[in-house]
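Both counts, for ligands and for their atoms, begin at 1 and track the order of listing. From a predicted model like this one, the values you see are computed outputs, not experimental measurements.
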Amino acid sequence: MVRSTAIAAAVAALALQADAAGLYPKSSKVLQVTTADYDRLIAKSNYTSIVEFYAPWCGHCKNLQPAYERAAKSLEGIAKVAAVNCDEELNKPLCGKMGVQGFPTLKIVRPGKKPGKPTVEDYNGPREAKGIVEVVKDKVPNNVKRVTDAKLDEWLDENKDSAKAILFSEKGAISATLRTLAIDFAGLVPIAQIRKTESAAVEKYGITKFPALVLLKAGSDEPIKYDGAMEKAGMVEFLSQIAPPNPDCPPAKAKKDNKKKDKKDAKKESKFSKASASHKSSEASSAATSAADETLEEANKPTESPDASLKDEDTPEPIVISEVKPTIPVIADASGLQAACLNEKSKTCILAILPKDESAEAATTALASLASIHKKYDDLKSTLFPFIGVPSSNPIATSLLKELSLGSDDEVHLVATNGKRSWYKKYSGTAYGPIEVESWVDAIRMGDGKKEKLPESLLAAAEKEQVKEEKVPEQEPIKIEIEEVVEEPEAPIPEHGEL
Ligand SMILES: *[C@@H]1O[C@H](CO)[C@@H](O)[C@H](O)[C@H]1NC(C)=O
């Protein structure tokens, strides 16, 4: 009852191969992190980081990019704003380990109680610079002591053997900048904040304007006043007269062992990128050699640019065409489809309702696009809702066309369904290339856009046990038991508010 589609001839061509180039240029303030340096730069850092796990082909990632760049700028010196390109071979282990299930995934990583064992949590806030900056600032740990007139002597006494710094402020809240300064100088220069209202302390150190930063050398009560701008770099420089700040993360080449390891990693890295480059070129060539590919080539145009750079770098390796072509499962019988996707308990599915003539160009293109999109997620060990082909011979195909007003059975139709939440969403585009289809899939993943009510008549009552038994025979390479990736948010997430 379930068969893998043979239509996949065209799929071979689907070099909807990810753009190897990442979204962030070298000059970006966004720190680009790989499997090789994630541990050192992020996990072992004293700083709080936000890390975006992305794929260059993902529409929401592209939309986020400018906001993320802005966030990186305003968090400079306060927190790390990093990105991991999960399309890179080298990074797949990291993205898998971090449980990345969709793009973009944003995680906040901050130092835990044990060094090297950071606390990691998902960032689900607004995808705009302001929201990101606020949330990340909020996560910067605080080592700054709030000191009052009554407690001043005690604090001075506690730290009498070291230099110390005090920020006099009109505000009670401790800014992220000051908190980060305290992290930079942890164990070197303890930092306190005293409010303007603490008049004895204000008078003692002769403070007349706020905010004011003063430094007290060990054994001295004579304040050295900072007269620069109240920004991170200047303040760091000022406190550096006592000692250079702590490194925010371990140096790249601290020990001999590390040095060797780093070198190896670097080698591996270059080997990896070569490997993926030649892989891509072989894929592109196989696309070019296949006869049935006109439409696909066309659809792929926008992603092709990186190939140019390959020519002058490497001699392409021999073309390997033996790769297994990605396909999506096709379900031809009504009960199989109901069990997989159309019952009261079923989660999101994407159905490709095929025309009578399954070899029609639009249909093969649509299936090929879906197959290669799903393959990407599979390669990443990420889960994505099932994509299922529904041939016109499946009795439900006719009901779907009619009940959802999809149109004629001479054409292919893509529709996302969710039985549990009773919605469906049509693909309204006319082009079925990977890029168009992917952005639609992305929107579904993110819970974006308007959904329509799925008529109950299309849903089988969920007699769960029975349904389970009837499910997919084991030998079939089908993935309908996959958990849904992203729970649709109850209320729409404000997306890209600033853009
Ligand atoms: C982190 O902070 C500690 C003090 O709390 C400091 O000793 C260390 O050098 C800093 N840097 C790293 C990479 O651990």
Side-chain angles (χ1 to χ4, degrees), residues 29-51 72 75-84 94 97-98 107-121 136-147 154-167 174-193 213 215-218 231-266 269:
K29 297 272 189 212
V30 173
L31 177 69
Q32 307 204 47
V33 173
T34 67
T35 298
D37 54 17
Y38 174 84
D39 237 36
R40 182 176 72 79
L41 291 174
I42 307 292
K44 291 187 176 151
S45 175
N46 282 347
Y47 275 17
T48 297
S49 305
I50 183 162
V51 186
L75 286 170
E76 205 174 1
I78 293 172
K80 294 187 172 186
V81 176
V84 177
L94 174 63
K97 194 180 115 201
M98 298 300 287
K107 290 185 187 276
I108 294 179
V109 183
R110 63 201 152 101
K113 288 208 179 81
K114 281 195 188 152
K117 295 254 179 285
T119 305
V120 180
E121 60 193 310
V136 173
K137 277 185 171 174
D138 220 45
K139 301 283 180 186
V140 175
N142 180 34
N143 307 322
V144 177
K145 182 99 177 202
R146 277 202 195 85
V147 172
E154 190 183 306
W155 183 75
L156 291 172
D157 198 46
E158 263 168 35
N159 299 295
K160 65 176 182 311
D161 297 330
S162 82
K164 47 210 158 285
I166 304 172
L167 183 84
I174 296 167
S175 73
T177 305
L178 192 66
R179 278 179 276 144
T180 318
L181 194 68
I183 291 166
D184 287 338
F185 289 93
L188 302 169
V189 183
I191 299 179
Q193 177 162 304
L213 178 66
L215 178 63
L216 304 168
K217 290 201 167 159
E231 57 185 28
K232 181 76 189 313
M235 290 156 84
V236 168
E237 202 188 318
F238 174 65
L239 296 187
S240 296
Q241 60 186 287
I242 302 300
N246 294 316
D248 79 72
C249 62
K253 291 166 187 170
K255 290 181 230 140
K256 264 200 177 145
D257 282 4
N258 278 358
K259 205 175 191 174
K260 256 192 222 154
K261 201 169 154 267
D262 280 346
K263 258 200 194 142
K264 253 209 262 143
D265 283 344
E269 186 163 356

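Inter-residue side-chain proximity for K232 and E76 is flagged as unmet; no heavy-atom pair is nearer than 4.5 Å. At least one side-chain heavy atom of M235 sits less than 4.5 Å from a side-chain heavy atom of L178. Annotation: side chain of L216 is in contact with side chain of L156 (closest heavy-atom distance under 4.5 Å).
The shortest separation from a heavy atom of G187 to ligand 1 is not under 4.0 Å, leaving the residue out of contact.
For ligand 1, the polar-atom distance check finds no N/O of P250 at less than 3.5 Å from any of the ligand's N/O atoms.
For the pair K164 (side chain) and S162 (backbone), a donor-acceptor distance under 3.5 Å is present. Although no hydrogens or angles enter the test, the distance criterion places no donor-acceptor pair under 3.5 Å between the side chain of R110 and the main chain of P141.
If you check which protein heavy atom lies closest to atom 10 (C) of ligand 1, you get N46 ND2, 2.4 Å. Atom 5 (O) of ligand 1 has A186 CB, 3.6 Å as its closest protein atom, hydrogens excluded (heavy atom only). Protein heavy atom at the shortest distance from atom 7 (O) of ligand 1 is N246 OD1, 4.2 Å.
Atoms of ligand 1 found under 4.0 Å from any heavy atom of C249 (numbered from 1 in listed order, with element): 13 (C).
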